[in-house]
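Because only heavy atoms are used, hydrogens play no part in the values below, and waters and symmetry mates are left out as well, while side chains stay in.
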Amino acid sequence: MNDGMVELVGRRPVTFGRRKVTPRACVADSKRHLRAFLSEVLEDLGFVTSECASSDELQTVLATELPDLILLGVAADGIEPGRFLEILVREAFAGKVLAVGARESIIVKAVRQVGEEYGLAMLPPLTTPFAAETLRERIAMLLPEEPAPSPAVHVGEALHAGWLELWYQPKIDARTLIRSGAEALVRMRHPTWGVVPPAYFIPEERDPHLRDLSEFVIERAIRDWHYLLEQQTPVDLSINLPASYLKEPQAVRDLCRRVPTHPAFGGLTVEIDSEEAIRDLDLLTEVAREVGLHNIGLSIDNLGANWPALMERDKVPFVKLKADRQFVTGSGSDRLKRTVCRHIVELAQGFGARSVAQGVESRADLVAANELGFDLVQGFLFGKPMPLKKFAKGALTKTVMGQA
């Protein structure tokens, strides 16, 4: 067995090398919306989740998913907690059990007491409403001790297995604070490691699978745009592509061909990393001329200390200049960061492009971005990247609230 791979012995995950298995949790509750909510919170904390609404489903989960944690929703009109506890005891469940219910609930207290009498590892109950940090404290012993490591798969295998998906982070108008688009970010949902960020699987520039990954991003983004349209939340999308992909004339033609012709389609922005963009400016100028006729614009991404490379140009092929997050976060109190951001905004204004501040994590960052004159802002202050359906649900809720 290769170093770093994972083997399951009995019901206990065993790790080799430094790699650690992402914890698994099962949310047991009769109410679908509560299961969905708790699953999302756990996934944000790094868990791979499953759900069950009945004792029969719990038995299946215990046999197939090998969870480390059971979140047991307890309510007077919900599932029968005694039956669930009996199954956990019979199946010799060795993980943790966390009862979730109303504060001062007699049932919640009884579940913990009975579970402890049965010999189950009962955690202190989580009473509603609760903060995400409270849940984190309850299950701290199960959280990974280090960031998700590089999975023992190649991106080609991930594409073939269907493990890749796009997550979306909103872009916000800096002045009105109204959503003004979203960036599509590729994620891998690995069967062992859970959701893995791209830093662990994006191939090198010369890897032949980089083209396959680029085509996946294009096709999935267009498909997701149609889904958002069906949900009555159409949004202008940005995707990330390498400059090397756009060097191929056929790839550029295919990109133009795939763009929706629906009247609600407001355009597609292709973001290119600043190092690549600066290196291939002449090529991208030609590409921008062609794709612009098909409602596609190019954007330079992660622009930072290399901004002077654009000063000698009379014009650039970009409709947006996006400041690197390392210069945006904390720019309100850091003079050097603020200076870099100011130059990027001035460059964008001189080129007739829009400026984007990514990495807005606090109100101080937002105030600084406004003072500097950024057109768009993006960051955790307004929302983390999220799966498509969660993004659509949140966008629709905000739209309805805005109209109310």
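- The distance from the CG atom of Leu372 to the NZ atom of Lys337 is 13.0 Å, given to the nearest 0.5 Å.
- Counting heavy atoms from C-beta on, the side chains of Pro260 and Ile222 come closer than 4.5 Å.
- Annotation: side chain of Leu185 is in contact with side chain of Glu183 (closest heavy-atom distance under 4.5 Å).
- A heavy-atom distance below 4.5 Å is found between the side chains of Leu164 and Leu213.
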### Message
As a quick check of understanding, evaluate side chain to side chain contact (heavy atoms under 4.5 Å, CB included) for Leu284 and Leu246, giving each step before the final call.
### Response
CA-CA 8 Å; Leu284 294 177; Leu246 299 175; 4.1 Å; yes
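- Applying the 6.0 Å contact sphere to CE of Met141 captures more than 12 heavy atoms from other residues, nucleotides or ligands.
- No donor-acceptor distance shorter than 3.5 angstrom exists from the side chain of Asp324 to the backbone of Leu303, with no hydrogens or angles considered.
- Looking at Trp167 and Gln169, their side chains never bring a donor and an acceptor atom within 3.5 Å of each other.
- The shortest side-chain heavy-atom distance between Leu69 and Leu123 falls under the 4.5 Å cut-off.
- When every heavy atom of Asn306 is checked against every heavy atom of Ser274, the shortest pair comes out as ND2-OG, 3.0 Å.
- Among all heavy-atom pairs drawn from Pro170 and Gln378, the shortest one is O-CG, 3.6 Å.
- No donor-acceptor pair closer than 3.5 Å links the side chain of His294 to the backbone N or O of Ile296.
- Taking OG1 of Thr134 as the start and CD of Glu137 as the end, the distance is 5.5 Å to the nearest 0.5 Å.
- Rounded to the nearest 0.5 angstrom, Arg223 CZ and Phe216 CZ are separated by 7.5 Å.
- In this structure, Ser331 contributes its side chain and Val328 its backbone to a donor-acceptor pair below 3.5 Å.
- When atom types are taken as modelled, the side chain of Arg35 and the backbone of Asp29 share a donor-acceptor pair closer than 3.5 angstrom.
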### Message
Thr339 vs Arg342, test: side chain to side chain contact (heavy atoms under 4.5 Å, CB included). Steps then yes/no.
### Response
CA-CA 5 Å; Thr339 299; Arg342 186 179 69 252; 3.9 Å; yes
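- Put simply, the side chain of Glu57 gets close to the backbone of Ala53: a donor and an acceptor are under 3.5 Å apart.
- Side-chain contact check for Leu366 versus Leu177: some heavy-atom pair is nearer than 4.5 Å.
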### Message
Between Arg220 and Glu165, is the salt bridge (Lys or Arg N to Asp or Glu O under 4.0 Å) condition met? List the steps.
### Response
CA-CA 8 Å; Arg220 180 60 59 87; Glu165 55 191 65; over 6 Å; no
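- Ion pair Glu271/Lys320 not flagged as a salt bridge, since none of the NZ, NE, NH1 or NH2 atoms sits closer than 4.0 Å to an Asp/Glu carboxylate oxygen.
- With rounding to the nearest 0.5 Å, the separation of CD in Gln59 from SG in Cys52 is 10.5 Å.
- Closest approach of Gly101 and Val108 over heavy atoms only: CA-CG2, 3.6 Å.
- Leu166 approaches Ala184 most closely through the heavy-atom pair CD1-CB, 4.0 Å.
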### Task
Walk me through it: do Leu42 and Ile139 pass the test side chain to side chain contact (heavy atoms under 4.5 Å, CB included)?
CA-CA 10 Å; Leu42 286 168; Ile139 59 178; 3.8 Å; yes
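- Distance check, rounded to the nearest 0.5 Å: CD of Glu51 to OG1 of Thr49 gives 6.0 Å.
- Looking only at side-chain heavy atoms (C-beta outward), Leu58 and Arg83 stay at 4.5 Å or farther from each other.
- In this structure, Arg257 places its CZ atom where more than 12 heavy-atom neighbours from other residues, nucleotides or ligands lie under 6.0 Å away.
- Proximity of Ile70 to Leu120: side-chain heavy atoms (C-beta onward) are nowhere separated by under 4.5 Å.
- Under a cut-off of 6.0 angstrom, the local environment of NE2 in His226 is crowded, with over 12 non-hydrogen atoms contributed by other residues, nucleotides or ligands.
- Remark: Arg279 does not engage Glu275 in a salt bridge, criterion side-chain N to carboxylate O under 4.0 Å.
- Using a distance-only test at 3.5 Å, with no hydrogens or angles considered, a donor-acceptor pair links the side chain of Ser355 to the main chain of Asp375.
- The heavy-atom pair separating Ile87 from Ser55 by the smallest distance is CD1-CB, 3.3 Å.
- Side-chain contact between Glu43 and Arg189 is present, with heavy atoms from C-beta onward closer than 4.5 Å.
- Between atom CG of residue Asp224 and atom NZ of residue Lys389 there is a gap of 10.5 Å, rounded to the nearest 0.5 Å.
- Judged by distance alone, with hydrogens and angles left aside, the side-chain atoms of Asp68 form a donor-acceptor pair with the main-chain N or O of Arg24 at under 3.5 Å.
- Ring-plane geometry between Tyr168 and Phe391 is classed as tilted, the angle between the planes lying from 30 to 60 degrees on a 0 to 90 degree scale.
- Checking side-chain atoms of Trp225 against main-chain N and O of Val235 turns up a donor-acceptor pair under 3.5 Å.
- The shortest non-hydrogen separation linking Phe327 to Gly304 is CE1-CA, 3.6 Å.
- Side-chain atoms of Glu276 come within 3.5 Å of backbone atoms of Ala243 as a donor-acceptor pair (strictly under, hydrogens ignored).
- With no hydrogens or angles considered, a side-chain donor-acceptor pair links Gln358 and Asn302 at under 3.5 Å.
- When atom types are taken as modelled, the side chain of Asp365 and the backbone of Glu361 share a donor-acceptor pair closer than 3.5 angstrom.
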### Task
Just do the side chain to side chain contact (heavy atoms under 4.5 Å, CB included) check on Leu298 and Val316 with the steps written out, would you?
CA-CA 10 Å; Leu298 302 186; Val316 295; over 6 Å; no
